[in-house]
Protein chains: 4
Amino acid sequence: MAKKRSVLVVGAGDATGGAIARRFAREGLAAVVTRRELPSLEPLLSQIRADGGEAHGFGSDARVEEEVVALFETIERDIAPLEAVIFNIGANVNFPIRETTSRVYRKVWEMAAFAGFLAGREAAKVMVPRRRGTIIFTGATASIRGASGFSAFSGAKFALRSLAQSMARELGPEGVHVAHTIIDGAIDTEWIAKNFPQRYALKEQGGILNPEHIADAYWMLHAQPRDAWTHELDLRPWMEKMA
Amino acid sequence: MAKKRSVLVVGAGDATGGAIARRFAREGLAAVVTRRELPSLEPLLSQIRADGGEAHGFGSDARVEEEVVALFETIERDIAPLEAVIFNIGANVNFPIRETTSRVYRKVWEMAAFAGFLAGREAAKVMVPRRRGTIIFTGATASIRGASGFSAFSGAKFALRSLAQSMARELGPEGVHVAHTIIDGAIDTEWIAKNFPQRYALKEQGGILNPEHIADAYWMLHAQPRDAWTHELDLRPWMEKMA
Amino acid sequence: MAKKRSVLVVGAGDATGGAIARRFAREGLAAVVTRRELPSLEPLLSQIRADGGEAHGFGSDARVEEEVVALFETIERDIAPLEAVIFNIGANVNFPIRETTSRVYRKVWEMAAFAGFLAGREAAKVMVPRRRGTIIFTGATASIRGASGFSAFSGAKFALRSLAQSMARELGPEGVHVAHTIIDGAIDTEWIAKNFPQRYALKEQGGILNPEHIADAYWMLHAQPRDAWTHELDLRPWMEKMA
Amino acid sequence: MAKKRSVLVVGAGDATGGAIARRFAREGLAAVVTRRELPSLEPLLSQIRADGGEAHGFGSDARVEEEVVALFETIERDIAPLEAVIFNIGANVNFPIRETTSRVYRKVWEMAAFAGFLAGREAAKVMVPRRRGTIIFTGATASIRGASGFSAFSGAKFALRSLAQSMARELGPEGVHVAHTIIDGAIDTEWIAKNFPQRYALKEQGGILNPEHIADAYWMLHAQPRDAWTHELDLRPWMEKMA
């Protein structure tokens, strides 16, 4: 019998993170999901268990080093060796540069870049000695293009992309697969449904990204044989204007 | 019963093109493969048929407009509607700029870019009215970086990449999926085995790309639901230095 | 007294090429300008001479290898050693992919990429042995982005950019400076005045590129000391949307 | 008589920042230079004054918002309107990912990205209402490529580049010129002389960047007429391998 393995999804609060956790759990990995408030993870945990999967939730602030270090220790010790770590925290805000407060600029970086560094580094620590594992960072259009009004969000997303590149160049030859995605379009979430009803109306014709399909792409990345690894993968609806 | 559909692989002479054709045939598409000399396609055709697939070979010069136009007409009329077109012709040469002849520069462009334009345009003609279909162009490291000695090869590959971008931006909203791959590393071929034995020795540990795995990636691109399309996909062995 | 040196501007028919030739002539180089029809160069030649400069015009088809080779021989033998070569031929066309003829696709490439290869290669031949000289290729937004409808133009411009990169990597260490510009906006020409009157009306407030200012940038590139060379330079009006 | 104007160089402690300050002072701007410890600025201030320029030094921590805000107020009130702001703080460190402490990762970002945001935002506040001014951010190879071991440095540099893009897209149409440089090579500094003597030995043949030439390029960017602005400028020695 194959040894049990686990996946950690940091930032499993949204539709995408949840779909990824469910997808990997369906493949037999113990799914560990985190967000700041544990109770809000309950529906996801129940869903995974109802599907026959193993799920563990942790309330954990991804920006706090001690919490992240402790989380990895707990998973490795009490659950199963980490086979995949998905960093999925976004922090999309839009302000003209003169109205961007230092608090916002710093906080967005802490959530979307610094927390990614912490998760990525801890993942490297457990995966490199085993010479196996997958680390995926979720990016966006803002990862490759600094648009007007996005100095904070894009700054964090560019930093996260450079982290993925730097880690891929260092860890690839160590047998650890580091990938970065570019989600270029609206995702099917309640937030989009409420705030962008016209965009949401395109759902029927495939105009917004289905989180399940994003999750399929993440699993595909994880399942790639090591002679043919993808480092960067873009995903967008067919009708989306390419950045 | 689902209507029969076909895939065309232009430049099926090498290991990659052959693997792609076999992969798509295995999924039930009638595989149409071309290269300049028909007889050399026989082993591939036999293999696909032995696997229970449908295969058609054509000796066709991908740089000659009339032959390409006729090929598409024949396929659509006599075989099945084209569901996917894969352009897979490379032409890797390396000369210092002062020793690059105009004949080489032009020929490489005709094979790797002009022929891609012809195939892409004809594919668009049949796919757009049906609002479905996938067009994939095979790229390489040289598609994104003009290295010393590669003015001819890289010139053609950059041009092919711009074709893919231009077509994706025009045809995506028409329902046609246009993708571009970046194969960044040596592929498991007889040519590599013979000319780069040290590199080939890395095969056992996944140091060179397995054509079957490239083919899996192409099928994945074709199978993507249209709310989550990838435009550009890189593939490289884990130990390969990222470009 | 410094030895006389020359500059060649291939494609000096338009406002930009003319301004570059005048600028370099003002700095003391013998200006050699070409376009297909010699008579149309007369106003430019007169202008340079009236400014006290030396000017030579040649009717020469930049796509015909023998003509290009002969041109370089003539300049080096009869005028002065080439210190700078500027390739400035564009060929902006816009067609939906399905309406792009192979004749257009090929012709645009021949004008904007193949001709650039010929000029660049011949420039390398005379400059490398002297370990000095500057080669500048004129690019555009289409050099870095394949927009809808620009498969032909962008294909040629991408190819030209890869040529510049490939040559820079090979020839930089040989002491030859290879640069590529990205002109991102409308240039002040009669053609723009006639066809885009609204855009032209922005001229007074700096909304369209002044060819004299482009020429200044080209001279700056040429004059850079070799410890601080620029390979790629973008230029756009302040009010232009960045690509 | 033209109204007095000023330039602020944030991070004028190194050879490059000093050369930029001297260059702009030579053009008649009052040079304001900062670094954390005021006394270390004395030689630079004396040099500018000896050249007949106006110079002001401030000990100021570029990462502390109140200090930056106060600095801009002081300059605008007591010295002269800011015509140019140059952000020139680097923080090059290299650690394997598993040995990169959160303290280093955060500190490098604060110095090279967050401080750039503060300076850029304050510059925007004074320049936009006047619809004039230049803001230049100093980048490096690490700004466009996340190399192995550079997760911290590259993360900050990517973020700074996205800031430059975001601000350029927002402020260009407001009449403010935002540019980003990519310094791709060693600069002639005491630090390089001491730590990389072999590299330093290439100085005589132009193998390392002369800060004076970098300063010329910054002045050129500032002096560009607004119909022909450059957003991104790379600079490297002729013998440097292009990134």
Side-chain angles (χ1 to χ4, degrees), chain B residues 63-66 68-69 96-103 105-106 109-110 113-114 116-118 120-129 135 142-174 176 178 180, chain C residues 63-66 68-69 96-103 105-106 109-110 113-114 116-118 120-129 135 142-174 176 178 180:
Chain B
R63 301 166 301 177
V64 178
E65 185 167 23
E66 304 77 52
V68 175
V69 169
I97 183 68
R98 290 180 288 166
E99 295 164 29
T100 306
T101 65
S102 62
R103 192 177 155 277
Y105 191 82
R106 180 184 292 275
W109 172 80
E110 284 180 344
F114 180 69
F117 157 73
L118 292 176
R121 187 192 63 186
E122 294 309 302
K125 284 182 183 170
V126 300
M127 290 176 179
V128 170
I135 304 170
S143 306
I144 52 169
R145 181 185 169 81
S148 176
F150 288 97
S151 60
F153 183 51
S154 207
K157 282 301 199 185
F158 267 59
L160 189 70
R161 185 173 182 237
S162 87
L163 176 74
Q165 287 182 12
S166 182
M167 288 181 60
R169 290 195 166 96
E170 181 179 340
L171 305 184
E174 303 280 348
V176 176
V178 181
H180 179 255
Chain C
R63 302 166 300 176
V64 179
E65 185 167 23
E66 305 77 50
V68 175
V69 170
I97 184 68
R98 289 180 290 165
E99 294 163 30
T100 304
T101 65
S102 62
R103 191 177 156 278
Y105 191 81
R106 180 184 292 274
W109 172 79
E110 284 180 343
F114 180 69
F117 157 72
L118 292 176
R121 186 192 64 185
E122 295 307 302
K125 284 182 183 170
V126 299
M127 290 176 179
V128 169
I135 304 169
S143 306
I144 51 170
R145 182 183 168 81
S148 176
F150 288 97
S151 61
F153 183 51
S154 208
K157 283 301 199 185
F158 267 60
L160 189 70
R161 185 174 182 236
S162 87
L163 176 74
Q165 287 182 11
S166 182
M167 287 181 62
R169 290 194 167 97
E170 180 180 342
L171 304 185
E174 303 279 347
V176 176
V178 181
H180 179 256

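Just so we're on the same page: letters track the sequence lines, and every chain starts at 1.
- With a 4.5 Å cut-off on non-hydrogen atoms, C:Glu99 does not touch chain B at all.
- Note on B:Met167, B:Gln165, B:Glu122, B:Lys157: by heavy-atom pairs under 4.5 Å with chain C, the leading option is B:Gln165.
- Closest approach of C:Leu171 to C:Ala124, counting heavy atoms only: CD1-CB, 3.7 Å.
- Between chain B and the options C:Ser143, C:Ala147, C:Ser148, the largest number of non-hydrogen pairs under 4.5 Å is found for C:Ser148.
- Among the candidates B:Ser154, B:Pro96, B:Ser102, B:Ser151, the residue making the largest number of heavy-atom pairs closer than 4.5 Å to chain C is B:Ser102.
- In terms of heavy-atom proximity, B:Phe158 sits nearest to C:Ala159 at CB-N, 4.2 Å.
- Across every non-hydrogen atom of B:Ala123 and B:Ile135, the tightest pair is CB-CD1, 3.7 Å.
- Comparing B:Leu118, B:Thr100, B:Leu163 by how many heavy-atom pairs each has under 4.5 Å with chain C, the most go to B:Thr100.
- The nearest pair of heavy atoms linking B:Pro129 to C:Arg98 is CD-NH1, 4.2 Å.
- Using a 4.5 Å cut-off between heavy atoms, B:Ile97 touches chain C through backbone and side chain atoms alike.
- Of all heavy-atom pairs between C:Ser166 and B:Gly149, the closest is OG-N, 3.8 Å.
- Interface remark: of the candidates B:Tyr105, B:Trp109, B:Phe150, B:Phe114, B:Trp109 forms the most heavy-atom pairs closer than 4.5 Å to chain C.
- Shortest non-hydrogen contact noted between C:His180 and C:Ala164 is CB-CB, 3.8 Å.
- Contact annotation for B:Leu160: neither backbone nor side-chain heavy atoms come within less than 4.5 Å of a heavy atom of chain C.
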